[in-house]
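Working notes, structure below.
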Amino acid sequence: MQIAQLFTRKKPPVIGLDISSSAIKLLELSRHGNRYRVESYAVEPLPPNSVVEKNITDVEAVGEAVRRAVKRASARTRNAAVAVAGSSVITKVVPMPNNLSEDELHSQIELEADQYVPYPLEEVSLDFEVLGPSDNNPDTVDVLLAACRTETVDMRTAAVESGGLDTKVVDVEAYATENAFQLLLDQVPDQGMEKTIALVDIGSTMTTLNVLHDTKLIYTRDQVFGGKQLTEEIMRRYGLSYEEAGMAKRQGGLPENYEPEVLEPFKEAMCQQVSRSLQFFFGSSQYNSVDQVILAGGSASVPGITDLIQDRLGIETLVANPFASMSLSSRVKPQSLSNDAPALLIACGLALRSFD
């Protein structure tokens with residue numbers, strides 16, 4: 001068993017590097033006073049099936065895409081923060097005596113980990129973070145334990161290094177999203193205090209619902225659904241290659257029947273997916289409503305989707321833009337960044353690790 005730095009302490013500046021099923025998303029931020037600036041970013045498509053449901057299956061292909069993204073962004077930083085998918089991480093809040101030193105805490109967690117982790121410990125990377133005093137016992141602190149199979153962490157690290165970068169932080173996607181949520185608070189009622197916000201990230205193949213209450217993550221769940229279904233329908237309907245279909249989806253130029261016959265049914269399916277995800281959340285928690293839905297991920301840019309979800313669910317819906325109050329370096333094209341913003345939420349949460 002190795003203690004992994006899943007929540008690495010203060011480190012040099014890092015690039016946020018989100019390895020999704022369809023693309024590498026790279027983001028470099030700087031901070032001046034209390035204002036962030038986007039120094040560089042890139043979205044580099046991945047070859048089909050090099051990442052399947054957030055698991056890397058072709059390290060070389062992913063490494064090549066990382067290399068291209070670094071070049072395209074002209075990124076100056078060589079250290080990266082990456083994330084593993086929530087579905088590959090086991091997290092548990094464990095009470096521990098509050099009088100232990102950091103080293104004693106390490107030892108105690110290693111001793112107790114096997115009762116929380118269903119894999120052999122020699123195959124697992126562990127990390128922990130002290131959350132603070134336990135509510136119901138003044139003599140204990142709550143410690144967040146995160147465990148991930150070492151193989152999953154190693155695949156991420158190998159792909160990043162094959163792309164010419166050093167992995168300094170391995171985070172968890174849900175925590176990176178929670179980190180980036182701080183940048184959306186101006187767009188949320190009462191800055192999120194005493195509010196329950198559903199953040200729905202609709203990627204290429206996976207939809208992740210993260211629910212935050214009082215700006216803290218309280219629930220996360222993945223479902224297999226994403227924009228790839230629309231791309232594949234465009235391919236099938238119009239006889240295009242996967243790359244051509246993806247291009248047409250983003251840039252337009254499809255026949256007149258595209259909107260009513262292909263796009264509208266996909267939007268309906270998206271709407272159902274958001275509704276179903278929320279039903280799962282309500283069914284497994286004491287909550288039965290949310291105050292706002294925020295859409296992220298590549299599919300959040302589908303025209304008219306916020307209005308449709310808002311009408312169907314009766315919940316205020318908007319598209320995430322973590323860059324709304326940031327300045328941009330001269331290397332960053334505002335229009336491109338604005339188009340890509342909803343898909344860059346995890347990369348943004350990772351890039352913020354520079355300022356922990």
Side-chain angles (χ1 to χ4, degrees), residues 5-18 24-43 69-83 129-132 144 160 165-195 197 199 201 210 212-217 292 294-296 300 318-356:
Q5 294 299 303
L6 285 167
F7 311 105
T8 309
R9 322 293 173 244
K10 179 68 182 147
K11 284 286 184 288
V14 290
I15 287 173
L17 198 66
D18 176 17
I24 298 291
K25 294 147 194 170
L26 178 154
L27 178 68
E28 193 177 13
L29 297 178
S30 62
R31 185 166 67 183
H32 307 274
N34 57 3
R35 189 147 188 240
Y36 295 107
R37 184 166 104 144
V38 181
E39 293 297 337
S40 68
Y41 96 100
V43 177
V70 170
K71 189 173 175 189
R72 176 181 294 201
S74 308
R76 294 176 183 152
T77 308
R78 282 293 172 266
N79 298 318
V82 293
E129 186 162 51
V130 177
L131 300 176
L144 175 64
V160 170
L165 298 175
D166 287 327
T167 309
K168 290 295 180 198
V169 178
V170 181
D171 206 334
V172 179
E173 285 184 358
Y175 299 141
T177 302
E178 181 182 31
N179 215 7
F181 182 69
Q182 308 308 314
L183 300 169
L184 305 177
L185 291 180
D186 289 345
Q187 302 156 49
V188 171
D190 297 337
Q191 295 254 312
M193 297 319 291
E194 297 185 11
K195 297 291 184 227
I197 308 295
L199 189 50
D201 190 320
N210 291 300
L212 299 106
H213 183 76
D214 272 343
T215 77
K216 294 284 172 273
L217 188 69
Q292 190 178 40
I294 299 180
L295 298 180
L318 58 95
V319 173
N321 178 9
F323 308 111
S325 58
M326 291 193 195
S327 58
L328 310 182
S329 86
S330 56
R331 292 185 284 164
V332 175
K333 297 189 176 75
Q335 191 54 54
S336 303
L337 183 66
S338 170
N339 294 344
D340 289 325
L344 290 167
L345 203 61
I346 290 173
C348 207
L350 292 171
L352 289 173
R353 294 299 298 265
S354 294
F355 316 108
D356 283 355

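Side chains included, hydrogens not; waters and symmetry mates left out as well; all remaining heavy atoms used.
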Glu178 versus Lys216, closest heavy-atom pair with distance = OE2-CA, 3.4 Å
Contact summary for Pro13 and Asn79, nearest pair of heavy atoms = O-CB, 3.6 Å
inquiry  = If we count only N and O atoms by modelled type, under 3.5 Å, do the side chains of Asn321 and Gln187 hold a donor and an acceptor together?
reply    = no
key: Ser325 backbone acceptor or donor facing Arg35 side chain under 3.5 Å   = yes
request  = Would you confirm whether Ser329, through its side chain, and Glu39, through its main-chain N or O, come within 3.5 Å as a donor-acceptor pair?
outcome  = yes
query = Between the side chain of Glu28 and the main-chain N/O of Thr77, is any donor-acceptor distance below 3.5 Å?
reply = yes
task = Quick one: pull up CG in Leu212 and CD in Gln182 and give me the separation to the nearest 0.5 Å.
result = 8.5 Å
ask   = Looking only at heavy atoms, which two atoms of Val319 and Ala300 are closest? And how far apart?
value = CG2-O, 3.6 Å
Side chain to side chain contact (heavy atoms under 4.5 Å, CB included) evaluation trace for Ile24 with Leu17 = CA-CA 7 Å; Ile24 298 291; Leu17 198 66; 3.7 Å; yes
inquiry  = Using side-chain heavy atoms (C-beta onward) and a distance below 4.5 Å, is Leu29 in contact with Phe355?
reply    = yes
key: Side chains of Ile346 and Lys25 in contact at under 4.5 Å (non-hydrogen atoms)   = no
ask   = Of the non-hydrogen atoms in Pro334 and Leu328, which two are nearest, and what is the gap between them?
value = CA-CD1, 3.8 Å
task = Would you indicate whether the side-chain heavy atoms of Met326 and Cys348 approach each other to under 4.5 Å?
result = yes
ask   = Taking C-beta and beyond as the side chain, do Thr177 and Phe181 meet within less than 4.5 Å on heavy atoms?
value = no
ask   = Does some side-chain heavy atom of Leu344 sit less than 4.5 Å from a side-chain heavy atom of Tyr41?
value = yes
ask   = What do the steps show when you test Arg78 against Val70 for side chain to side chain contact (heavy atoms under 4.5 Å, CB included), and what is the final call?
value = CA-CA 9 Å; Arg78 282 293 172 266; Val70 170; 3.5 Å; yes
key: Shortest non-hydrogen contact between Ala42 and Ala69, atoms and distance   = CB-O, 3.5 Å
task = Please find out if less than 6.0 Å separates the ring center of Tyr36 from that of Phe323.
result = no
ask   = Do NZ/NE/NH1/NH2 and the carboxylate oxygens of Asp190 and Lys195 come within less than 4.0 Å?
value = yes
inquiry  = Rounded to the nearest 0.5 Å, what separates atom CG in Asn210 from atom CD1 in Ile294?
reply    = 11.0 Å
inquiry  = Counting neighbours of CZ on Arg331 that are heavy atoms of other residues, nucleotides or ligands and sit closer than 6.0 Å, is the number greater than 12?
reply    = yes
remark   = Between the CG atom in Asn179 and the CG atom in Leu217, the distance rounded to the nearest 0.5 Å is 11.5 Å
task = Would you indicate whether the side-chain heavy atoms of Gln292 and Leu318 approach each other to under 4.5 Å?
result = yes
remark   = Rounding to 0.5 Å, atoms CZ (Arg31) and OG (Ser354) come to a distance of 9.5 Å
Val14 side chain near Leu350 side chain, heavy-atom distance below 4.5 Å = no
inquiry  = So Leu345 and Leu199, do their side chains get closer than 4.5 Å, heavy atoms only?
reply    = yes
inquiry  = If I compare all heavy atoms of Pro322 with all of Leu183, which pair ends up nearest, and what's the gap?
reply    = O-CB, 3.7 Å
note = dist Leu26:CG -> Ser40:OG (nearest 0.5 Å) comes out at 6.0 Å
inquiry  = Using modelled atom types and a 3.5 Å cut-off, is there a donor and acceptor pairing between side-chain atoms of Asp214 and backbone atoms of Met193?
reply    = no
